[in-house]
Amino acid sequence: QVHLVESGGGSVQSGGSLRLSCTVTGYTASSDECMAWFRQAPGTDREGVAAIDHDGSTRHADAVKGRFTISQDNDKTTAYLEMNSLKPEDTAMYYCALSPKVCYYNWYNSRLYKYWGRGTQVTVSS
């Protein structure tokens, strides 16, 4: 059974940094999967933050470009989201997601992802 577990969330002041981790177990890595980070604030839709292909190519939402960076370890079992220059509007529950297919142009579509973690809360105060 596939499990995704996020960690690293917390409360920081505006301008601060956090590093989220997502560890995947029970899944055999291939050359086609896509791992992504999504976030959801109360009363809003879940939005794509960043995605990374098996080959390491990345995509970032415009709202976080230049501030957030997605990466993964060499064995593709852990994905990271380095978040710098955090803003109050970054406050949300952050979820890790895994798709058994490559990150397509519409990587930010949550329906493409088969496996999800339970999320880790990020709170940024002004």
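Bear in mind the structure is a predicted one, so any value in this text is a computation, not a measurement. For the single chain, residues carry numbers from 1 onward in sequence order.
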Could you give the distance from [atom1] ([X]) to [atom2] ([Y]), rounded to the nearest 0.5 Å?
X      : Y      : atom1 : atom2 : result
Ser85  : Asp90  : OG    : CG    : 9.5 Å
Met93  : Thr44  : CE    : OG1   : 12.0 Å
Leu112 : Tyr104 : CG    : OH    : 9.0 Å
Thr58  : Gln72  : OG1   : CD    : 10.0 Å
Thr69  : Leu81  : OG1   : CG    : 8.0 Å
Arg67  : Lys87  : CZ    : NZ    : 4.5 Å

Open item on the list: With side-chain contact (heavy atoms from CB on, under 4.5 Å) as the test, pick out the partner of Tyr94 among Gln40, Glu6, Met83, Gln121.
Closed with: Met83
For a quick test of reading the model, state the closest non-hydrogen atom pair linking [X] to [Y] and the distance between them.
X      : Y     : value
Val122 : Gly9  : CG2-CA, 4.2 Å
Arg39  : Glu47 : NE-OE2, 2.6 Å
Cys103 : Ala51 : SG-CB, 3.9 Å
Val2   : Gly26 : CG2-O, 3.5 Å
Ala92  : Ala41 : CB-N, 3.9 Å

Task: Whether over 12 other heavy atoms sit under 6.0 Å from Asp55 CG - done: yes
Open item on the list: For Asn106, is the CG atom crowded, meaning more than 12 foreign heavy atoms sit under 6.0 Å from it?
Closed with: yes
Between [Y] and [X], is there a side-chain heavy-atom distance shorter than 4.5 Å?
X      : Y      : result
Ser71  : Glu82  : no
Val102 : Cys34  : no
Ser99  : Trp107 : no
Met35  : Leu98  : yes
Cys22  : Tyr80  : no

Open item on the list: Check for me, please, whether Val64 and Tyr95 land in the same ILVMFWY cluster - side-chain distances under 4.5 Å, paths through other members count.
Closed with: no
Task: salt bridge (Lys or Arg N to Asp or Glu O under 4.0 Å) partners of residues 117-126, not counting sequence neighbours, each pair once - done: none
- [ ] Give a yes/no verdict on a cation-pi contact between Arg59 and Tyr108, requiring under 6.0 Å between NZ or CZ and the six-membered ring centre and an angle within 45° of the axis.
- [x] no
- [ ] Mark yes or no for whether Thr123, through its side chain, and Thr91, through its backbone, hold a donor-acceptor pair below 3.5 Å.
- [x] no
Task: Side-chain donor or acceptor of Asp53 paired with backbone N/O of Gly56 under 3.5 Å - done: no
- [ ] Return the set of residues passing side chain to side chain contact (heavy atoms under 4.5 Å, CB included) with Ala97 (not counting sequence neighbours), or none when no residue passes.
- [x] Phe38, Tyr113, Trp116
Open item on the list: Going by ring pair (Phe, Tyr, Trp, His ring centres under 6.0 Å), name the pairs with one or both residues in residues 51-79, residues two or more places apart or in two chains.
Closed with: none
Open item on the list: Before you tell me yes or no, could you show the steps for Asp62 and Lys65 under salt bridge (Lys or Arg N to Asp or Glu O under 4.0 Å), namely the whole-Å CA-CA distance, both residues' side-chain angles and the distance that decides it to 0.1 Å?
Closed with: CA-CA 5 Å; Asp62 288 344; Lys65 278 181 181 177; 3.2 Å; yes
